[in-house]
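Protein chains get the first letters and strands the later ones, always in sequence-line order, with residue 1 at the start of each.
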Number of protein chains: 2
Amino acid sequence: MSRKSQELTRDDWVLAGLAALAEGGIESVRVERLAKRLNVSKGSFYWHFLDRSDLFSAMLDLWETDFTAQLIANVASLPTPRARLRALADEALEASMDGVDVAHAEGAFSAWAVLDPVAAARVRAIEAQRIGYLVSELSLMGAEATDAELLAKGVYLALLGVFTTRRYNPALAEDAVFRRVVDLALDAVERRR
Amino acid sequence: MSRKSQELTRDDWVLAGLAALAEGGIESVRVERLAKRLNVSKGSFYWHFLDRSDLFSAMLDLWETDFTAQLIANVASLPTPRARLRALADEALEASMDGVDVAHAEGAFSAWAVLDPVAAARVRAIEAQRIGYLVSELSLMGAEATDAELLAKGVYLALLGVFTTRRYNPALAEDAVFRRVVDLALDAVERRR
DNA sequence: CCAAGTCCATACGTTACCGTATTGATGAAC
DNA sequence: GTTCATCAATACGGTAACGTATGGACTTGG
């Protein structure tokens with residue numbers, strides 16, 4: 001067996017970091033814990049990364065490129081805005097990638113952004129994209145510009161609520177609840193035409 | 001000046017803890033930091049509390065009794081469910097008590113509940129009360145039982161989204177957004193009658 | 001085959017905490 | 001005014017981290 005197969009890549013660390021983030025929040029992604037989890041010493045970590053915040057940046061990078069953009073791309077082929085938005089809702093509720101629970105991670109990213117200005121800027125940018133997409137779809141459906149924005153943000157806030165609540169109060173975060181909110185918004189747009 | 005006026009009470013520590021929680025999350029409420037903030041040594045802390053988790057319990061107690069129950073009581077005198085729910089929405093968006101920003105603290109409590117099973121149980125109980133109240137008011141307005149629950153939870157999730165988002169992406173958490181969600185729910189109920 | 005590069009282990013110094021133990025100060029009660 | 005209870009300061013030992021420094025070990029190119 002070649003040595004290469006056992007050596008860790010930067011991305012291995014990043015994925016472990018994301019898993020730890022999803023599991024226990026940003027405070028729980030600690031280099032010595034990750035090292036233990038990866039059965040390796042932290043000497044390895046400081047080979048791949050400058051320091052802990054370097055890992056944080058990499059986590060934000062991977063999140064933005066591999067996870068976030070993907071979601072929107074996945075539904076682009078559907079025919080109507082309504083179908084795309086519903087599919088997006090389903091996707092948001094169920095996603096999981098590379099062993100990282102996306103919903104848990106989403107909540108953890110928000111919580112992280114509250115505490116860390118660097119993360120905040122990145123998360124804000126990602127959310128701006130998402131809201132922008134929702135607004136454009138709602139506009140396609142005939143919503144007025146200002147109302148499309150209110151509705152898009154409202155739905156997204158509910159989704160964030162789902163993400164954070166899932167972990168400690170799942171009765172509150174049932175899928176049906178979020179779907180009802182989505183319906184509320186979609187119906188509001190269609191009724192107005 | 002009597003000595004009493006300078007000595008700290010248990011509640012002084014608890015309020016400081018809540019302020020720290022609102023500011024930097026549960027991981028940032030540390031006894032030596034609070035001591036510094038209160039211009040006192042941690043010898044004082046361990047006089048008033050058994051240990052750090054004892055402070056945590058006290059924080060949850062104060063939150064439940066002095067903060068949460070208050071909100072609902074404040075609107076009880078209003079005439080109609082619709083008026084009460086709207087007033088509640090306003091209150092939730094603006095509250096601040098004893099130098100603690102309630103909205104920030106709310107978000108921090110949710111984030112805390114994600115990480116700590118003890119906090120989770122308490123927060124769940126509080127949220128059950130809140131949802132119960134919302135459901136009963138929506139039912140009074142004529143909503144069907146199952147839909148009242150969906151709507152109540154949906155609105156509450158959006159509020160949680162507001163609380164966590166306020167800190168890092170205020171453009172997302174505008175009051176108008178949440179009010180729009182509330183209107184969506186109220187209109188849905190009234191349209192069905 | 002050896003020299004350079006790549007990747008990791010180990011040991012170290014440092015910081016920030018937790019919780020305990022002991023002592024000190026101050027007001028109140030007698 | 002002595003004594004007691006209340007509250008706080010200080011000093012201590014212990015743990016979990018961070019980041020550095022240094023020394024392997026394995027791999028690949030010349």
Side-chain angles (χ1 to χ4, degrees), chain A residues 1-62 108 111-112 115-119, chain B residues 1-62 108 111-112 115-119:
Chain A
M1 175 164 337
S2 94
R3 180 184 171 188
K4 274 269 162 65
S5 68
Q6 314 204 30
E7 283 169 359
L8 294 176
T9 72
R10 219 177 125 93
D11 276 357
D12 290 329
W13 285 97
V14 175
L15 283 178
L18 288 175
L21 174 70
E23 176 64 26
I26 193 63
E27 290 290 340
S28 87
V29 1
R30 313 226 149 240
V31 345
E32 295 186 76
R33 286 189 216 174
L34 294 181
K36 188 165 245 173
R37 189 150 159 171
L38 294 171
N39 288 314
V40 96
S41 80
K42 65 183 182 168
S44 169
F45 178 87
Y46 286 100
W47 171 258
H48 292 287
F49 299 90
L50 208 64
D51 57 17
R52 187 161 164 255
S53 74
D54 189 21
L55 170 65
F56 289 173
S57 297
M59 287 166 59
L60 288 163
D61 289 342
L62 191 69
W112 180 13
L115 304 178
D116 175 3
V118 175
Chain B
M1 170 160 348
S2 94
R3 180 186 172 190
K4 275 270 161 66
S5 68
Q6 313 204 32
E7 283 169 1
L8 295 175
T9 71
R10 219 177 126 92
D11 276 358
D12 290 330
W13 284 97
V14 174
L15 283 178
L18 288 174
L21 173 70
E23 176 65 26
I26 194 61
E27 291 290 340
S28 86
V29 1
R30 312 228 149 237
V31 344
E32 293 184 75
R33 284 190 219 173
L34 294 180
K36 188 165 243 172
R37 189 149 158 173
L38 294 170
N39 287 313
V40 95
S41 80
K42 65 181 182 168
S44 169
F45 177 87
Y46 286 99
W47 171 258
H48 292 286
F49 299 90
L50 208 65
D51 57 16
R52 188 162 163 253
S53 73
D54 189 22
L55 171 66
F56 288 173
S57 297
M59 286 166 58
L60 288 163
D61 289 342
L62 190 70
W112 181 13
L115 304 178
D116 175 3
V118 175

With sequence neighbours excluded, what pairs up with B/A108 under the side chain to side chain contact (heavy atoms under 4.5 Å, CB included) test?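 If we apply the side chain to side chain contact (heavy atoms under 4.5 Å, CB included) test to B/A108, skipping adjacent residues, the hits are B/L21.
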
Just jot down the side chain to side chain contact (heavy atoms under 4.5 Å, CB included) partners of B/L62, sequence neighbours excluded, or say none.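 By the side chain to side chain contact (heavy atoms under 4.5 Å, CB included) rule, B/L62 matches B/V14, B/L15, B/L18, B/D66, B/F67.
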
Hey, what do you get for CZ (B/R52) to NZ (B/K42), rounding to the nearest 0.5 Å?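 Rounded to the nearest 0.5 Å, the CZ-NZ separation comes out at 12.0 Å.
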
Output the residues of residues 40-53 of chain A in contact with DNA chain D, where contact means a heavy atom of the residue under 4.0 Å from an atom of the strand; sort by number or write none.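 Within this stretch, A/K42, A/Y46, A/D51, A/R52 sit under 4.0 Å of the strand.
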
Give the residues of residues 24-33 of chain B touching DNA chain D, defined as any heavy atom closer than 4.0 Å, sorted by residue number.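 Those residues whose heavy atoms fall under 4.0 Å from DNA chain D, taken from residues 24-33 of chain B, amount to none.
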
For atom [atom1] of [X] and atom [atom2] of [N], their distance in whole Å:
| X | N | atom1 | atom2 | answer |
| --- | --- | --- | --- | --- |
| A/L8 | C/dA9 | CG | C1' | 13 Å |
| A/R37 | D/dA17 | CZ | P | 13 Å |
| A/K36 | D/dA16 | NZ | C1' | 11 Å |
| B/L34 | C/dG19 | CG | P | 12 Å |
| A/N39 | C/dC7 | CG | C1' | 16 Å |
| A/R10 | C/dT6 | CZ | C1' | 16 Å |

List the residues meeting side-chain hydrogen bond (donor to acceptor under 3.5 Å, both in side chains) with [X], not counting sequence neighbours, and say none if there are none.
| X | answer |
| --- | --- |
| B/D12 | B/T9 |
| A/D61 | A/R122 |
| B/S53 | B/D51 |

Scan residues 13-24 of chain B for pairs that pass salt bridge (charged side-chain N to carboxylate O under 4.0 Å, His left out), counting only residues two or more places apart or in two chains.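 The answer is none; no pair qualifies.
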
Mind listing the side-chain donor-acceptor pairs of residues 29-40 of chain A below 3.5 Å, one per line with the distance, residues two or more places apart or on another chain?
residue : atom : partner : partner atom : Å
A/R30   : NE   : A/E27   : O            : 2.8
A/R30   : NH2  : A/E27   : O            : 3.4
A/R30   : NH2  : A/E27   : OE1          : 3.0

